[in-house]
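This report concerns only the one structure given below.
Bear in mind that the values here come from a model prediction, so they are computed numbers and not experimental data. Convention: sequence-line order gives letters A, B, ...; per-chain numbering from 1.
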Amino acid sequence: MNYKIPRGTYDILPKDSAKWQYVQRIFRETAASFGYEEICTPIFEMAELFERSSGESSDVVQKEMYRFQDQKGRDFALRPEGTAPVVRSFVENHLDLQGGRHKFYYIGPMFRYDRPQKGRYRQFYQYGIELIGSNHPFFDAEVISLEMQFLKALGLKKIRLEINSVGCAECSSDYDAALQDYYRPHLAELCPDCQKRYEKKPRRLLDCKVPSCKVLRQDAPSQLDYLDAPCRDHFAQVQSYLNDMQIDYKINPAIVRGLDYYTNTAFEIIVDDLGAQNSLAGGGRYNGLIAAIGGKDTPAIGFAGGFERLLLAMQNEGISTAEPLKPQIYIIGIGEAAQKVVIQLLSQLRNRGIYAEYNPDKSSFKAQIKAANAMGAAYAGIIGEDELSSGMISLKDLASGEQSTVDPSDLPNLLIESKNKESNNL
RNA sequence: GUGGGUGUAGUUCAAUGGCAGAGCACCGGAUUGUGGUUCCGGGCGUUGUGGGUUCAAGUCCCAUCUCCCACCCCA
(Lines give C-alpha, C1' and ligand atoms only; values in the text may rest on other atoms or scores of the structure.)
Protein backbone atom coordinates (compact mmCIF):
# COMPACT_ATOMS: atom_id res chain seq x y z
CA MET A 1 0.00 0.00 0.00
CA ASN A 2 1.57 3.24 -1.13
CA TYR A 3 -0.72 5.93 0.15
CA LYS A 4 -1.97 6.33 3.67
CA ILE A 5 -4.56 8.54 5.20
CA PRO A 6 -3.02 11.32 7.32
CA ARG A 7 -2.58 10.59 10.97
CA GLY A 8 -5.61 11.29 13.13
CA THR A 9 -8.06 11.30 10.23
CA TYR A 10 -10.42 8.63 9.01
CA ASP A 11 -12.71 7.73 6.16
CA ILE A 12 -16.43 7.38 6.62
CA LEU A 13 -17.17 4.29 4.58
CA PRO A 14 -20.59 3.45 3.13
CA LYS A 15 -21.27 1.01 5.95
CA ASP A 16 -21.10 3.92 8.42
CA SER A 17 -22.37 6.83 6.39
CA ALA A 18 -26.01 6.17 7.22
CA LYS A 19 -25.22 6.66 10.91
CA TRP A 20 -23.61 10.01 10.20
CA GLN A 21 -26.51 11.11 8.06
CA TYR A 22 -28.90 10.06 10.77
CA VAL A 23 -27.33 12.03 13.62
CA GLN A 24 -26.88 15.05 11.39
CA ARG A 25 -30.49 14.89 10.31
CA ILE A 26 -31.70 14.73 13.91
CA PHE A 27 -29.48 17.69 14.78
CA ARG A 28 -30.80 19.76 11.87
CA GLU A 29 -34.38 18.92 12.81
CA THR A 30 -33.81 19.79 16.44
CA ALA A 31 -32.10 23.07 15.55
CA ALA A 32 -34.93 23.93 13.17
CA SER A 33 -37.51 23.35 15.89
CA PHE A 34 -35.75 26.04 17.91
CA GLY A 35 -35.59 28.41 14.95
CA TYR A 36 -31.93 27.96 14.06
CA GLU A 37 -30.77 28.08 10.46
CA GLU A 38 -27.61 26.77 8.93
CA ILE A 39 -24.54 28.85 8.27
CA CYS A 40 -21.60 27.53 6.25
CA THR A 41 -18.23 29.18 6.47
CA PRO A 42 -14.94 28.24 4.83
CA ILE A 43 -12.74 25.54 6.25
CA PHE A 44 -9.83 27.96 6.48
CA GLU A 45 -9.65 31.53 7.72
CA MET A 46 -6.99 34.09 8.45
CA ALA A 47 -4.89 32.65 11.24
CA GLU A 48 -5.16 35.90 13.09
CA LEU A 49 -8.90 35.45 13.54
CA PHE A 50 -8.27 32.49 15.78
CA GLU A 51 -5.39 34.15 17.59
CA ARG A 52 -7.68 37.02 18.44
CA SER A 53 -10.70 34.98 19.42
CA SER A 54 -9.20 31.98 21.17
CA GLY A 55 -6.38 33.89 22.78
CA GLU A 56 -2.77 33.82 21.68
CA SER A 57 -1.71 31.92 24.76
CA SER A 58 -4.27 29.16 24.30
CA ASP A 59 -3.04 25.70 23.41
CA VAL A 60 -5.27 25.67 20.38
CA VAL A 61 -3.42 28.63 18.89
CA GLN A 62 0.00 27.85 20.30
CA LYS A 63 0.43 24.31 19.12
CA GLU A 64 -2.71 22.84 17.63
CA MET A 65 -3.49 24.97 14.59
CA TYR A 66 -2.78 23.77 11.10
CA ARG A 67 -1.25 26.93 9.70
CA PHE A 68 -0.12 27.55 6.19
CA GLN A 69 0.71 30.34 3.82
CA ASP A 70 -0.81 30.62 0.40
CA GLN A 71 1.04 31.57 -2.79
CA LYS A 72 0.94 35.22 -1.82
CA GLY A 73 2.25 34.63 1.67
CA ARG A 74 -1.06 35.19 3.45
CA ASP A 75 -1.23 33.48 6.81
CA PHE A 76 -4.15 31.06 7.03
CA ALA A 77 -5.27 28.34 9.40
CA LEU A 78 -7.59 25.38 9.06
CA ARG A 79 -10.38 26.22 11.45
CA PRO A 80 -9.80 24.66 14.88
CA GLU A 81 -13.28 25.57 16.09
CA GLY A 82 -16.53 26.92 14.76
CA THR A 83 -17.48 30.00 16.74
CA ALA A 84 -14.88 32.47 15.48
CA PRO A 85 -15.75 31.92 11.80
CA VAL A 86 -19.46 32.40 12.50
CA VAL A 87 -18.76 35.60 14.37
CA ARG A 88 -16.42 36.78 11.62
CA SER A 89 -19.16 36.20 9.07
CA PHE A 90 -21.70 37.87 11.33
CA VAL A 91 -19.58 41.01 11.55
CA GLU A 92 -18.44 40.96 7.93
CA ASN A 93 -22.04 40.83 6.72
CA HIS A 94 -22.98 43.70 9.04
CA LEU A 95 -25.52 41.68 10.95
CA ASP A 96 -24.25 43.34 14.13
CA LEU A 97 -25.48 46.68 12.78
CA GLN A 98 -28.79 45.20 11.73
CA GLY A 99 -29.68 44.48 15.35
CA GLY A 100 -32.06 41.82 16.61
CA ARG A 101 -31.34 38.21 17.41
CA HIS A 102 -29.63 35.84 15.02
CA LYS A 103 -29.67 32.09 15.35
CA PHE A 104 -27.14 29.94 13.52
CA TYR A 105 -26.21 26.32 13.44
CA TYR A 106 -23.30 24.69 11.69
CA ILE A 107 -22.00 21.23 10.95
CA GLY A 108 -18.57 20.49 9.62
CA PRO A 109 -15.00 19.39 10.08
CA MET A 110 -12.57 21.12 12.43
CA PHE A 111 -8.82 20.60 12.58
CA ARG A 112 -6.49 20.38 15.49
CA TYR A 113 -2.94 19.06 15.61
CA ASP A 114 -3.44 16.90 18.70
CA ARG A 115 -2.12 13.51 19.59
CA PRO A 116 -4.94 11.17 18.52
CA GLN A 117 -6.65 9.01 21.11
CA LYS A 118 -10.09 7.64 21.88
CA GLY A 119 -12.62 10.29 20.89
CA ARG A 120 -9.97 12.67 19.60
CA TYR A 121 -8.91 13.18 16.02
CA ARG A 122 -7.01 15.72 13.99
CA GLN A 123 -9.90 16.22 11.64
CA PHE A 124 -13.09 15.88 13.59
CA TYR A 125 -16.68 16.82 12.97
CA GLN A 126 -18.53 19.28 15.11
CA TYR A 127 -22.04 20.55 15.28
CA GLY A 128 -22.84 23.75 17.05
CA ILE A 129 -25.19 26.64 17.42
CA GLU A 130 -24.69 30.33 18.06
CA LEU A 131 -27.29 32.80 19.25
CA ILE A 132 -26.04 36.32 18.74
CA GLY A 133 -27.79 39.45 19.91
CA SER A 134 -29.20 38.84 23.37
CA ASN A 135 -27.87 38.73 26.89
CA HIS A 136 -31.13 37.39 28.27
CA PRO A 137 -30.52 34.41 30.55
CA PHE A 138 -33.50 32.70 28.97
CA PHE A 139 -31.37 32.13 25.89
CA ASP A 140 -28.58 30.57 27.94
CA ALA A 141 -31.15 28.04 29.05
CA GLU A 142 -32.59 27.70 25.56
CA VAL A 143 -29.22 26.90 24.05
CA ILE A 144 -28.62 24.28 26.71
CA SER A 145 -32.06 22.83 26.22
CA LEU A 146 -31.52 22.54 22.48
CA GLU A 147 -28.48 20.37 23.07
CA MET A 148 -30.28 18.31 25.69
CA GLN A 149 -33.24 17.89 23.37
CA PHE A 150 -30.95 16.72 20.60
CA LEU A 151 -29.27 14.11 22.80
CA LYS A 152 -32.64 12.97 24.07
CA ALA A 153 -33.94 12.62 20.52
CA LEU A 154 -31.01 10.33 19.81
CA GLY A 155 -31.93 8.23 22.82
CA LEU A 156 -28.86 8.97 24.94
CA LYS A 157 -29.48 8.57 28.64
CA LYS A 158 -26.16 8.39 30.42
CA ILE A 159 -25.37 12.06 30.13
CA ARG A 160 -24.76 14.72 32.74
CA LEU A 161 -25.11 18.45 32.40
CA GLU A 162 -22.77 20.59 34.44
CA ILE A 163 -22.94 24.35 34.52
CA ASN A 164 -20.90 27.17 35.93
CA SER A 165 -20.50 30.88 35.61
CA VAL A 166 -17.12 32.37 34.87
CA GLY A 167 -18.40 35.90 35.29
CA CYS A 168 -17.71 38.91 33.14
CA ALA A 169 -14.29 40.33 32.33
CA GLU A 170 -14.09 42.18 35.64
CA CYS A 171 -15.19 39.50 38.07
CA SER A 172 -13.17 36.91 36.28
CA SER A 173 -9.94 38.84 36.69
CA ASP A 174 -10.80 39.49 40.35
CA TYR A 175 -11.16 35.77 40.71
CA ASP A 176 -7.85 35.01 38.99
CA ALA A 177 -6.16 37.36 41.45
CA ALA A 178 -7.87 35.67 44.39
CA LEU A 179 -6.77 32.27 43.15
CA GLN A 180 -3.19 33.42 42.81
CA ASP A 181 -3.32 34.83 46.33
CA TYR A 182 -4.53 31.50 47.58
CA TYR A 183 -1.98 29.39 45.73
CA ARG A 184 1.02 31.68 46.26
CA PRO A 185 2.12 30.09 49.57
CA HIS A 186 1.70 26.60 48.06
CA LEU A 187 3.50 27.25 44.80
CA ALA A 188 6.26 24.77 45.54
CA GLU A 189 3.76 21.98 46.23
CA LEU A 190 2.11 22.24 42.83
CA CYS A 191 2.93 19.92 39.96
CA PRO A 192 5.11 21.43 37.21
CA ASP A 193 2.11 21.86 34.89
CA CYS A 194 0.21 23.71 37.57
CA GLN A 195 3.13 25.99 38.23
CA LYS A 196 2.83 27.12 34.63
CA ARG A 197 -0.92 27.40 34.93
CA TYR A 198 -0.50 29.62 37.96
CA GLU A 199 0.95 32.32 35.76
CA LYS A 200 -0.89 31.71 32.52
CA LYS A 201 -4.38 30.73 33.48
CA PRO A 202 -4.93 30.27 37.21
CA ARG A 203 -8.37 28.75 36.68
CA ARG A 204 -6.79 25.74 35.05
CA LEU A 205 -5.47 24.84 38.49
CA LEU A 206 -8.96 23.69 39.29
CA ASP A 207 -9.13 20.72 36.98
CA CYS A 208 -5.66 19.25 37.44
CA LYS A 209 -5.72 15.50 38.01
CA VAL A 210 -2.56 15.24 40.12
CA PRO A 211 -3.63 14.09 43.62
CA SER A 212 -1.57 16.65 45.52
CA CYS A 213 -3.07 19.46 43.44
CA LYS A 214 -6.54 18.05 44.02
CA VAL A 215 -6.03 18.29 47.77
CA LEU A 216 -4.93 21.89 47.62
CA ARG A 217 -7.93 22.78 45.51
CA GLN A 218 -10.42 21.84 48.20
CA ASP A 219 -9.95 25.08 50.08
CA ALA A 220 -9.45 27.25 47.02
CA PRO A 221 -11.83 30.16 46.59
CA SER A 222 -14.79 29.52 44.32
CA GLN A 223 -15.51 31.51 41.21
CA LEU A 224 -19.11 31.77 42.29
CA ASP A 225 -18.11 33.83 45.35
CA TYR A 226 -16.40 36.36 43.13
CA LEU A 227 -19.28 37.08 40.75
CA ASP A 228 -20.49 40.67 40.83
CA ALA A 229 -24.17 41.36 41.37
CA PRO A 230 -25.29 41.35 37.70
CA CYS A 231 -23.37 38.15 36.96
CA ARG A 232 -24.70 36.46 40.07
CA ASP A 233 -28.22 37.42 39.11
CA HIS A 234 -27.73 36.23 35.54
CA PHE A 235 -26.52 32.85 36.74
CA ALA A 236 -29.44 32.52 39.16
CA GLN A 237 -31.89 33.22 36.37
CA VAL A 238 -30.30 30.70 34.05
CA GLN A 239 -30.80 28.09 36.75
CA SER A 240 -34.37 29.15 37.26
CA TYR A 241 -35.12 28.78 33.55
CA LEU A 242 -33.46 25.39 33.47
CA ASN A 243 -35.67 24.35 36.36
CA ASP A 244 -38.73 25.58 34.45
CA MET A 245 -37.60 23.51 31.48
CA GLN A 246 -37.17 20.51 33.75
CA ILE A 247 -33.55 20.06 32.80
CA ASP A 248 -31.36 18.44 35.43
CA TYR A 249 -27.97 19.97 36.02
CA LYS A 250 -25.19 20.13 38.51
CA ILE A 251 -23.19 23.23 39.34
CA ASN A 252 -19.53 22.52 38.88
CA PRO A 253 -17.27 25.50 39.68
CA ALA A 254 -14.35 23.69 38.02
CA ILE A 255 -15.82 23.98 34.54
CA VAL A 256 -13.46 26.18 32.65
CA ARG A 257 -13.87 26.68 28.96
CA GLY A 258 -10.61 26.44 27.12
CA LEU A 259 -11.01 29.42 24.89
CA ASP A 260 -10.52 32.95 26.11
CA TYR A 261 -13.75 34.45 24.93
CA TYR A 262 -16.18 32.90 27.36
CA THR A 263 -18.11 35.01 29.89
CA ASN A 264 -20.80 34.15 32.40
CA THR A 265 -22.50 30.85 31.69
CA ALA A 266 -20.27 27.91 30.85
CA PHE A 267 -21.56 24.39 30.51
CA GLU A 268 -20.48 20.97 29.54
CA ILE A 269 -22.20 17.70 28.80
CA ILE A 270 -20.34 14.68 30.04
CA VAL A 271 -20.82 11.05 29.16
CA ASP A 272 -19.54 8.27 31.35
CA ASP A 273 -17.69 5.27 29.92
CA LEU A 274 -16.30 7.27 27.05
CA GLY A 275 -12.68 7.20 28.13
CA ALA A 276 -10.62 10.23 28.96
CA GLN A 277 -12.27 12.38 26.32
CA ASN A 278 -15.64 12.28 27.99
CA SER A 279 -16.89 15.73 27.14
CA LEU A 280 -19.57 15.38 24.53
CA ALA A 281 -20.40 19.02 24.09
CA GLY A 282 -19.53 22.28 25.70
CA GLY A 283 -20.38 25.87 25.36
CA GLY A 284 -21.21 29.10 27.01
CA ARG A 285 -21.69 32.78 26.69
CA TYR A 286 -19.14 34.95 24.91
CA ASN A 287 -20.34 38.50 25.26
CA GLY A 288 -17.00 40.07 24.50
CA LEU A 289 -16.07 38.27 21.33
CA ILE A 290 -17.97 40.23 18.70
CA ALA A 291 -16.40 43.50 19.79
CA ALA A 292 -13.02 41.85 20.16
CA ILE A 293 -12.91 41.00 16.49
CA GLY A 294 -14.10 44.38 15.37
CA GLY A 295 -17.88 44.29 15.45
CA LYS A 296 -20.37 46.28 17.42
CA ASP A 297 -20.47 45.09 21.03
CA THR A 298 -23.09 42.31 20.95
CA PRO A 299 -23.82 39.57 23.47
CA ALA A 300 -23.88 35.95 22.31
CA ILE A 301 -24.02 32.35 23.46
CA GLY A 302 -23.49 28.99 21.82
CA PHE A 303 -22.15 25.50 22.09
CA ALA A 304 -20.31 22.90 20.06
CA GLY A 305 -20.40 19.14 20.21
CA GLY A 306 -18.36 16.40 18.63
CA PHE A 307 -19.96 13.80 16.37
CA GLU A 308 -17.29 11.16 16.95
CA ARG A 309 -17.94 11.11 20.68
CA LEU A 310 -21.66 11.20 20.07
CA LEU A 311 -21.44 8.10 17.93
CA LEU A 312 -19.21 6.41 20.52
CA ALA A 313 -21.70 7.19 23.24
CA MET A 314 -24.57 5.88 21.16
CA GLN A 315 -22.65 2.70 20.50
CA ASN A 316 -21.99 2.32 24.24
CA GLU A 317 -25.68 2.62 24.98
CA GLY A 318 -26.52 0.17 22.23
CA ILE A 319 -28.52 2.63 20.19
CA SER A 320 -28.92 1.47 16.64
CA THR A 321 -29.43 4.14 14.08
CA ALA A 322 -30.01 3.04 10.55
CA GLU A 323 -30.99 -0.05 8.68
CA PRO A 324 -28.68 -1.02 5.83
CA LEU A 325 -30.00 -0.26 2.39
CA LYS A 326 -31.97 -3.23 1.06
CA PRO A 327 -33.29 -3.71 -2.45
CA GLN A 328 -37.03 -3.83 -2.89
CA ILE A 329 -36.53 -6.27 -5.72
CA TYR A 330 -33.65 -8.31 -7.08
CA ILE A 331 -34.10 -9.27 -10.69
CA ILE A 332 -32.92 -12.65 -11.78
CA GLY A 333 -32.28 -13.13 -15.46
CA ILE A 334 -31.65 -16.54 -16.97
CA GLY A 335 -29.98 -16.80 -20.32
CA GLU A 336 -28.66 -14.28 -22.80
CA ALA A 337 -32.05 -13.50 -24.26
CA ALA A 338 -33.47 -12.44 -20.90
CA GLN A 339 -30.90 -9.77 -20.22
CA LYS A 340 -32.41 -7.17 -22.51
CA VAL A 341 -35.82 -7.53 -20.86
CA VAL A 342 -34.23 -7.48 -17.42
CA ILE A 343 -32.42 -4.24 -18.13
CA GLN A 344 -35.52 -2.56 -19.47
CA LEU A 345 -37.46 -3.58 -16.39
CA LEU A 346 -34.63 -2.45 -14.14
CA SER A 347 -34.71 1.02 -15.68
CA GLN A 348 -38.49 1.27 -15.43
CA LEU A 349 -38.41 0.40 -11.75
CA ARG A 350 -35.57 2.78 -10.96
CA ASN A 351 -37.35 5.56 -12.81
CA ARG A 352 -40.20 5.09 -10.37
CA GLY A 353 -37.77 5.42 -7.46
CA ILE A 354 -37.73 1.75 -6.61
CA TYR A 355 -34.44 0.29 -5.46
CA ALA A 356 -33.92 -2.61 -7.86
CA GLU A 357 -30.80 -4.75 -8.13
CA TYR A 358 -29.38 -6.91 -10.88
CA ASN A 359 -25.94 -8.45 -11.17
CA PRO A 360 -24.81 -9.89 -14.51
CA ASP A 361 -21.64 -11.20 -12.84
CA LYS A 362 -23.73 -14.01 -11.49
CA SER A 363 -25.07 -16.27 -14.18
CA SER A 364 -26.62 -19.31 -12.59
CA PHE A 365 -30.10 -19.13 -11.17
CA LYS A 366 -28.86 -20.40 -7.86
CA ALA A 367 -26.14 -17.76 -7.51
CA GLN A 368 -28.64 -15.03 -8.29
CA ILE A 369 -31.33 -16.04 -5.84
CA LYS A 370 -28.66 -16.55 -3.21
CA ALA A 371 -27.46 -13.00 -3.80
CA ALA A 372 -31.03 -11.69 -3.61
CA ASN A 373 -31.41 -13.33 -0.26
CA ALA A 374 -28.02 -12.18 1.01
CA MET A 375 -28.81 -8.58 0.14
CA GLY A 376 -32.08 -8.76 2.01
CA ALA A 377 -34.24 -8.06 -1.01
CA ALA A 378 -37.98 -8.12 -0.37
CA TYR A 379 -38.75 -9.74 -3.70
CA ALA A 380 -37.02 -11.63 -6.43
CA GLY A 381 -38.27 -11.03 -9.96
CA ILE A 382 -37.53 -13.95 -12.24
CA ILE A 383 -37.18 -13.69 -16.00
CA GLY A 384 -36.28 -16.83 -17.94
CA GLU A 385 -37.49 -18.71 -20.98
CA ASP A 386 -41.00 -19.30 -19.63
CA GLU A 387 -41.48 -15.65 -18.74
CA LEU A 388 -40.05 -14.45 -22.03
CA SER A 389 -42.57 -16.45 -24.00
CA SER A 390 -45.53 -15.50 -21.80
CA GLY A 391 -44.50 -11.85 -21.37
CA MET A 392 -45.06 -12.16 -17.62
CA ILE A 393 -42.74 -12.08 -14.60
CA SER A 394 -42.47 -14.57 -11.79
CA LEU A 395 -42.41 -12.62 -8.55
CA LYS A 396 -41.21 -14.34 -5.41
CA ASP A 397 -41.77 -12.92 -1.94
CA LEU A 398 -38.48 -13.85 -0.30
CA ALA A 399 -39.83 -13.64 3.23
CA SER A 400 -42.81 -15.96 2.76
CA GLY A 401 -41.55 -17.94 -0.20
CA GLU A 402 -44.78 -17.40 -2.10
CA GLN A 403 -44.49 -17.00 -5.82
CA SER A 404 -46.91 -15.47 -8.27
CA THR A 405 -47.03 -14.43 -11.88
CA VAL A 406 -47.50 -10.74 -12.56
CA ASP A 407 -47.76 -8.45 -15.53
CA PRO A 408 -44.62 -6.27 -15.83
CA SER A 409 -46.72 -3.12 -16.13
CA ASP A 410 -48.33 -3.84 -12.75
CA LEU A 411 -44.99 -4.42 -11.04
CA PRO A 412 -44.02 -0.86 -10.05
CA ASN A 413 -47.32 -0.14 -8.33
CA LEU A 414 -47.29 -3.49 -6.66
CA LEU A 415 -43.83 -2.90 -5.22
CA ILE A 416 -44.63 0.63 -4.11
CA GLU A 417 -47.78 -0.60 -2.39
CA SER A 418 -45.98 -3.34 -0.52
CA LYS A 419 -43.26 -0.92 0.54
CA ASN A 420 -45.84 1.51 1.93
CA LYS A 421 -47.57 -1.28 3.78
CA GLU A 422 -44.26 -2.28 5.31
CA SER A 423 -43.38 1.22 6.49
CA ASN A 424 -46.85 1.66 7.98
CA ASN A 425 -46.30 -1.40 10.09
CA LEU A 426 -43.09 -0.05 11.56
C1' G B 1 5.16 17.52 22.96
C1' U B 2 5.66 13.02 27.04
C1' G B 3 4.79 7.87 28.52
C1' G B 4 2.91 2.62 27.85
C1' G B 5 1.09 -0.95 24.31
C1' U B 6 0.63 -2.55 19.20
C1' G B 7 1.26 -4.06 13.84
C1' U B 8 0.96 -11.45 10.22
C1' A B 9 -4.55 -13.11 4.48
C1' G B 10 -10.56 -8.88 3.48
C1' U B 11 -11.30 -9.69 9.01
C1' U B 12 -10.33 -12.03 13.99
C1' C B 13 -6.13 -14.42 15.49
C1' A B 14 -2.08 -18.68 15.48
C1' A B 15 3.14 -19.92 14.33
C1' U B 16 9.97 -23.16 21.34
C1' G B 17 15.17 -18.35 15.90
C1' G B 18 14.06 -23.55 11.41
C1' C B 19 8.63 -25.19 5.26
C1' A B 20 3.68 -18.58 7.27
C1' G B 21 -1.40 -21.44 9.27
C1' A B 22 -6.75 -21.66 11.13
C1' G B 23 -11.92 -19.74 12.05
C1' C B 24 -15.16 -16.21 9.86
C1' A B 25 -16.10 -13.63 5.40
C1' C B 26 -15.78 -14.01 0.12
C1' C B 27 -16.09 -16.94 -4.77
C1' G B 28 -17.48 -21.55 -7.25
C1' G B 29 -19.83 -26.37 -7.19
C1' A B 30 -23.18 -30.61 -5.27
C1' U B 31 -26.79 -33.71 -12.71
C1' U B 32 -30.47 -28.17 -16.98
C1' G B 33 -35.01 -22.75 -12.97
C1' U B 34 -35.84 -21.83 -6.46
C1' G B 35 -32.64 -18.79 -1.19
C1' G B 36 -30.67 -18.82 5.19
C1' U B 37 -28.51 -25.39 6.92
C1' U B 38 -24.93 -29.14 5.26
C1' C B 39 -20.91 -31.07 2.19
C1' C B 40 -16.81 -30.35 -1.40
C1' G B 41 -13.31 -27.12 -3.83
C1' G B 42 -10.68 -22.20 -4.02
C1' G B 43 -4.85 -18.75 -0.15
C1' C B 44 2.88 -17.38 -2.93
C1' G B 45 0.51 -12.74 2.09
C1' U B 46 6.32 -6.96 -0.01
C1' U B 47 4.58 -10.70 8.27
C1' G B 48 3.72 -1.81 8.65
C1' U B 49 8.53 0.27 6.48
C1' G B 50 14.03 0.61 6.42
C1' G B 51 18.45 -1.17 8.37
C1' G B 52 21.29 -4.74 11.53
C1' U B 53 22.65 -9.65 14.18
C1' U B 54 22.50 -14.90 12.44
C1' C B 55 23.89 -20.66 8.50
C1' A B 56 18.68 -19.19 9.23
C1' A B 57 14.37 -13.53 11.48
C1' G B 58 7.14 -12.94 11.63
C1' U B 59 10.19 -14.13 16.04
C1' C B 60 16.31 -10.89 18.49
C1' C B 61 18.48 -5.50 18.06
C1' C B 62 18.12 -0.28 16.10
C1' A B 63 15.40 3.42 13.53
C1' U B 64 10.84 5.08 11.52
C1' C B 65 5.53 5.12 10.73
C1' U B 66 0.41 3.65 11.97
C1' C B 67 -3.22 2.45 15.29
C1' C B 68 -4.74 1.93 20.54
C1' C B 69 -4.55 3.83 25.71
C1' A B 70 -3.11 7.63 29.03
C1' C B 71 -0.78 12.57 30.17
C1' C B 72 -1.74 17.24 28.09
C1' C B 73 -5.73 19.66 25.80
C1' C B 74 -10.55 19.68 24.41
C1' A B 75 -15.78 18.54 21.15
Under the criterion salt bridge (charged side-chain N to carboxylate O under 4.0 Å, His left out), I'd like the reasoning laid out for A:K103 against A:E142: C-alpha separation, chi angles, the key distance, then a yes or no. CA-CA 11 Å; A:K103 293 173 162 185; A:E142 182 184 273; 3.4 Å; yes
Scan A:A281 against the nucleic acid and name what it touches under 4.0 Å (heavy atoms): base, sugar-phosphate only, or nothing. sugar-phosphate
Check every strand shown and say whether A:G82 touches a base, only sugar-phosphate, or nothing at a heavy-atom separation below 4.0 Å. nothing
Spacing of A:F303 atom CZ relative to B:A75 atom P, expressed in whole Å: 12 Å
To the nearest angstrom, how far is A:D59 atom CG from B:C71 atom P? 15 Å
Mind listing the residues from residues 27-41 of chain A sitting with a heavy atom below 4.0 Å of RNA chain B? Number order is fine. none
Residues within residues 115-126 of chain A bordering RNA chain B, heavy-atom distance below 4.0 Å: A:R115, A:Q117, A:K118, A:G119, A:R120, A:Y121, A:F124, A:Q126
Under-4.0 Å salt bridge between A:E417 and A:K421: no
For nucleotides B:C72 and B:U11, find the distance between their P atoms and express it as a whole number of Å. 34 Å
Whole angstrom value for the distance that separates P of B:U2 from CD of A:E64: 15 Å
Taking C-beta and beyond as the side chain, do A:N164 and A:L224 meet within less than 4.5 Å on heavy atoms? yes
Once you round it to whole Å, what is the distance between C1' of B:G48 and NZ of A:K4? 5 Å
Any donor-acceptor pair under 3.5 Å linking the side-chain atoms of A:Q123 with those of A:T9? no
Side chains of A:E387 and A:S394, donor plus acceptor under 3.5 Å: yes
Rounded to whole angstrom, note down the P distance from B:U38 over to B:U46. 31 Å
Polar contact flag, side-chain donor to acceptor under 3.5 angstrom, A:Q328-A:S418: yes
For A:R309 and A:A276, find the nucleotide of RNA chain B closest to each by heavy atoms; which residue's nucleotide sits nearer the 5' end? A:A276
What residues form a side chain to side chain donor-acceptor pair (under 3.5 Å) with A:R352, not counting sequence neighbours? A:N413
For atom C1', what is the distance between B:U66 and B:C27, given to the nearest Å? 31 Å
Sticking with atom P, work out how far B:U2 lies from B:A56, rounded to a whole angstrom. 36 Å
If you measure from the P atom in B:C19 to the same atom in B:A15, how many Å do you get, rounded? 14 Å
Suppose you measure atom P in B:A14 against the same atom in B:A22; what distance do you get, rounded to whole Å? 16 Å
Heavy atoms, side chains only, cut-off 4.5 Å: are A:R309 and A:F124 in contact? no
Check this for me, if you would: do A:R160 and A:D272 make a salt bridge, where the nitrogen-to-carboxylate-oxygen distance has to be below 4.0 angstrom? yes
Mind checking whether A:W20 and A:F307 have parallel, tilted or perpendicular rings, split at 30° and 60°? tilted
Taking atom C1' of B:C68 as reference, at what distance in whole Å does atom CZ of A:R7 sit? 11 Å
Of the residues in residues 147-165 of chain A, which ones touch RNA chain B at a heavy-atom distance under 4.0 Å? none
Nearest-Å distance once atom P is located in both B:G17 and B:U59: 11 Å
For the pair made of CD in A:Q277 and P in B:C68, what is the distance, rounded to whole Å? 12 Å
Under 4.0 Å: is that the gap between some side-chain N or O of A:R112 and OP1 or OP2 of B:C74? no
Tell me what A:G282 touches on the nucleic acid: a base, only sugar-phosphate, or nothing, going by heavy atoms under 4.0 Å. sugar-phosphate
Using Watson-Crick pairs (N1 to N3, plus N6-O4 or O6-N4) and G-U wobble pairs, both distances under 3.5 Å, which stems of at least 3 pairs involve RNA chain B? B:1-5 with B:67-71, B:10-13 with B:21-24, B:26-30 with B:38-42, B:48-52 with B:60-64
When you compare B:G43 with B:G51, how far apart are their P atoms, in angstrom units rounded to a whole number? 31 Å
Using the rule side-chain hydrogen bond (donor to acceptor under 3.5 Å, both in side chains), only one of A:Y10, A:Y125, A:Y121 pairs with A:E308; which is it? A:Y10
Only one of A:Y105, A:Y106, A:F150 clears ring-ring contact (aromatic ring centres under 6.0 Å, His included) with A:Y127; which? A:F150
Please state whether the rings of A:Y241 and A:F138 are parallel, tilted or perpendicular, taking 30° and 60° as the class boundaries. perpendicular
Inspect the contact between A:E51 and A:R67 and indicate whether a charged nitrogen and a carboxylate oxygen are less than 4.0 angstrom apart. yes
d(CG, A:D114; P, B:C69) in whole Å: 14 Å
Per-nucleotide protein contact along nucleotides 34-42 of chain B, 5' to 3', at a 4.0 Å heavy-atom cut-off (B base, S sugar-phosphate only, - neither), is BBS------
Can a donor-acceptor pair be found between the side chains of A:S172 and A:R203 at a distance below 3.5 Å? yes
Indicate the ring-plane relationship of A:F139 and A:H136, choosing parallel, tilted or perpendicular according to the 30° and 60° boundaries. perpendicular
Of A:F111, A:F50, A:Y66, A:F68, the residue whose pairing with A:F44 passes ring-ring contact (aromatic ring centres under 6.0 Å, His included): A:F68
Is A:E162 paired with A:K250 through a side-chain N to carboxylate O contact shorter than 4.0 Å? yes
What I want to check is whether an N or O donor and acceptor connect the side chain of A:R204 with the base of B:C72 at under 3.5 Å. no
Rounded to whole Å, how long is the line connecting atom CZ of A:R197 with atom P of B:C71? 12 Å
